[in-house]
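Notes follow the structure.
Naming: A, B, ... by sequence-line order, numbering from 1 per chain. No experiment lies behind these values; they were computed from the predicted model shown.
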Protein chains: 2
Amino acid sequence: MTRDPHPWAAGLASLHAQVWTCLVRGVHDRRAPARHPALATVTPDGMPRVRTVTLRRADRLAAQLDIHTDLKSAKVSELRARPFAALHVWDGPGHLQIRIEAEAEILSGADVADIWARVPEASRLTYGIVPPPGEPIVSALDYASAPGRESFALLRLRVRAIDVLHLGPDHRRACFRRADGWTGQWLAP
Amino acid sequence: MTRDPHPWAAGLASLHAQVWTCLVRGVHDRRAPARHPALATVTPDGMPRVRTVTLRRADRLAAQLDIHTDLKSAKVSELRARPFAALHVWDGPGHLQIRIEAEAEILSGADVADIWARVPEASRLTYGIVPPPGEPIVSALDYASAPGRESFALLRLRVRAIDVLHLGPDHRRACFRRADGWTGQWLAP
């Protein structure tokens, strides 16, 4: 008899807890699967966009996730126009796919002064690229970094739903919704 | 003097070639980073969605990518309403992020008979889930698989643009567009 390596997949409550264990680990461990989720947004003209982000905070009680970015990045302008995001994590060792639907709030300026103060010097260089991220340049390195709080934005994702798929000997899929108090519902995988 | 591990990042043509090398490797090697991209779509009411898919074909000349799925999956109905997809690959060893914008065509029935005939028996079990994927069920395993060609769909992604970011000692970002003959343009990262 082999021991089930993922006993948490069998029940809704334990599966939900495992999702947050995975997300919290992503914040604290650079090598964890949830460290670098893919963030999907929609452009003002309705096109999908997706890119890697770094997970900076995961709060299970509030069901909120934080991401840091350049205030002039395309994702900020996309989220200004349509404040909805989808976040994707594939946890290989857990055989677990986590798909998050969230509303996004963009915080900047004085609202993020405390957080900016704690961003390490080396990390600050990734904010305040001149010209702004995505602008055409003649040569690959025709840009500079002018880090400052005025270039820093925090995306606060208020989770609305989590769709989870566990690929075990049997596949299990469930959806957890804020509107249902996160009780969960099994779905056909 | 250390040898640059990613000399292909320095030029537009070599960077573009590396993208396709990575994608083609994903088709043939189960462990390659591009084996399981994240596919983003937009729901009919304009919400972003993203999930893992398996890359089944990568054709550089035509700039097309193929994905197999269940004809009743949400991504198929989303792409029927809005035939645009974004695909995301993070190649860790290459320090390379690949973001693809594409138009999606949905092929099924007689159009995919040849391809279905080559899908291994074990893989066929993932198509034709009853009830369809995403339907609520009472217990986690209240579903069955009824594999058949009528449940099988092929998503053919016609690539329109590729946004590439290489995180080296210097970061380099470029965009390649079908409309420009894939010549490429450096962007601020």
Going hydrophobic residue to hydrophobic residue with side-chain gaps under 4.5 angstrom, can you get from [X] over to [Y]?
| X | Y | answer |
| --- | --- | --- |
| V89(B) | V27(B) | yes |
| V76(B) | V42(B) | no |
| L155(B) | V119(B) | no |
| I67(A) | V159(A) | yes |
| L157(A) | W20(A) | yes |

- Query: For the residue pair G134(A) and R173(B), what are the closest heavy atoms and their distance?
  - Reply: N-NH1, 3.5 Å
- Message: Can you give me the closest heavy-atom contact between V50(A) and V50(B), atom names plus distance?
- Response: CG2-CG2, 4.3 Å
Sorted by number, residues from [range] in contact with chain B (heavy atoms, under 4.5 Å):
| range | value |
| --- | --- |
| residues 176-189 of chain A | Q185(A), W186(A), L187(A), A188(A), P189(A) |
| residues 121-131 of chain A | I129(A), P131(A) |
| residues 92-118 of chain A | Q97(A), R99(A), E101(A) |

- Between R172(A), R49(A), H171(A), which residue shows the highest count of heavy-atom pairs closer than 4.5 Å to chain B? R49(A)
Region of [X] in contact with chain A, defined by heavy-atom distances below 4.5 Å:
| X | value |
| --- | --- |
| T41(B) | backbone |
| H36(B) | neither |
| A40(B) | both |
| L39(B) | neither |

- Message: Counting heavy-atom pairs closer than 4.5 Å to chain A, which one of T52(B), D163(B), D170(B) comes out on top?
- Response: T52(B)
- Are P48(B) and R82(A) side-chain neighbours, meaning at least one heavy-atom pair lies under 4.5 Å? no
- Item | chain B contact via L87(A) - which portion, at a heavy-atom distance below 4.5 Å | backbone
- How would you list, in number order, the residues of residues 136-154 of chain B that have a heavy atom less than 4.5 Å from chain A? P136(B), I137(B), V138(B), S139(B), A140(B), L141(B), Y143(B)
- Message: Please check if the number of heavy atoms outside R35(A) that lie under 6.0 Å from its CZ is greater than 12.
- Response: yes
